[in-house]
Amino acid sequence: MQKIKNPIGITLIYIGLIAYALFSLGPVLWTFLQSLKTPRQANARTPLIFFDATLDNYIDLWLNSVPENPGAVALVLVGIITVLVLLGMFANRLPVANSVIYAAIVAATLVLLWNIPRFVHTAEFYDYFLNTIIVTVGTVTISMTIGCLAAYGLARYAGLAGVIILVAALGFRSLPSLAYVLPYFFLGRRTGLFDSYALLIITMVAINQPFTIWMLRSFFMTIPKEIEESAMVDGASRLTAFIRVIIPIMWPGIISTGLFSILLAYSEFLMVRILTQSKWTLSVAIARFTGGEDPGHLTLAAAAAVSATLPIVIVVLFFQKHLLAGLTAGAVKG
């Protein structure tokens, strides 16, 4: 017999969820409003909700000077971004592997970002943005490459050594970030890598690698061994079976793990602040505006926070289908 739903209880649940969502989004919305105010409006004794919005904070943050033809430059950038987004949205309908399309999109995006300063007089904050992109892409590429191979081996190997490696990785990941600072600081000083992208990427990979191995291993455990064994019976080597058979099945899991790795590398503060002097990322750059006594820093900090958050939101929305598929892939085994 079908149970009768209680409309009052369901209504209360929805009201509670909506209230919690508004409570969670409140700081984000307020930061966005602060980024559209002048310093005088932002520092008013009575908080202003209705005001004349301005984009001066974003212009001061990203540009040293406004180009002579801002409309044309904006139109070209929007056109290129639209093409890249459409390629990603309709990748499944193109006669090319999805991995190739996504790799081409990432490469084209990096080339575009690298060449923007040639046409627009960007401010120092844009350099911090490029540093963040370089460190994040390098970290995710290396950690996912190593993580996929290591996780696949640990998922298929049932010996004691595999258990020891997994426990050691988990213990290494549970250490606080301060435990890594001095070793990598001395490593950078001794090798001459201090204040370089290489040291940051090596550090981020070392910190995030246990997480990627554990998460990817859980996805590999859900894939039956008979799949690659069938490919090997047909003449494929284990590496060929891994690349051509397992990886396409694992693609949602790789995307979801890569997104979490992006978040970890993108928002890192302590390591970047200590191991670099000029290669700062966005998380460190935002801190410059939060400790000053200049009232204008409040609006610049808000604009910087919104600017740093927007790329991550776009990436998550772009891969949300793969993210949901990856997170639910391990729910049912077989």
Practice item. Name the orientation class of the two ring planes belonging to Phe220 and Phe242 (parallel below 30°, tilted from 30 to 60°, perpendicular beyond 60°). Key: tilted
Practice item. Check whether any side-chain N or O of Tyr126 sits under 3.5 Å from a backbone N or O of Leu113 as a donor-acceptor pair, and report yes or no. Key: yes
Check your understanding: Would you say the side-chain atoms of Thr132 pair up with the backbone N or O of Leu282, donor to acceptor, closer than 3.5 Å?
Key -> yes
Exercise for review: Going by the side chain to side chain donor-acceptor pair (under 3.5 Å) test, name the single residue among Asn131, Thr276, Thr139 that passes it with Tyr197.
Suggested key: Asn131
Point to revise | Atom CG of Leu22: over 12 foreign heavy atoms under 6.0 Å | key: yes
Point to revise | Atom CH2 of Trp114: over 12 foreign heavy atoms under 6.0 Å | key: no
Practice item. Check ring-ring contact (aromatic ring centres under 6.0 Å, His included) between Phe172 and all other residues, then give those that pass, not counting sequence neighbours. Key: Tyr180
Check your understanding: Can you name the salt bridge (Lys or Arg N to Asp or Glu O under 4.0 Å) partners of Glu124, sequence neighbours left out?
Key -> Arg288
Review point. Are Phe32 and Val28 grouped together when hydrophobic residues (ILVMFWY) are joined by side-chain heavy atoms under 4.5 angstrom apart?
Key: no
Point to revise | Residue Leu17 excluded, over 12 heavy atoms near CG under 6.0 Å | key: yes
Practice item. Give the cluster check for Leu199 versus Leu178: same hydrophobic cluster or not, with ILVMFWY residues linked at side-chain heavy-atom distances below 4.5 Å. Key: yes
Check your understanding: Does a sphere of radius 6.0 Å around CZ in Phe194 hold more than 12 heavy atoms from other residues, nucleotides or ligands, not counting ones at 6.0 Å or beyond?
Key -> yes
Check your understanding: Stepwise, does the side chain to side chain contact (heavy atoms under 4.5 Å, CB included) test hold for Ser307 with Phe129?
Key -> CA-CA 9 Å; Ser307 300; Phe129 176 68; over 6 Å; no
Review point. Does Val272 reach the side chain of Met204, with side-chain heavy atoms less than 4.5 Å apart?
Key: yes
Point to revise | side-chain hydrogen bond (donor to acceptor under 3.5 Å, both in side chains) against Asp127, all qualifying residues, sequence neighbours excluded | key: none
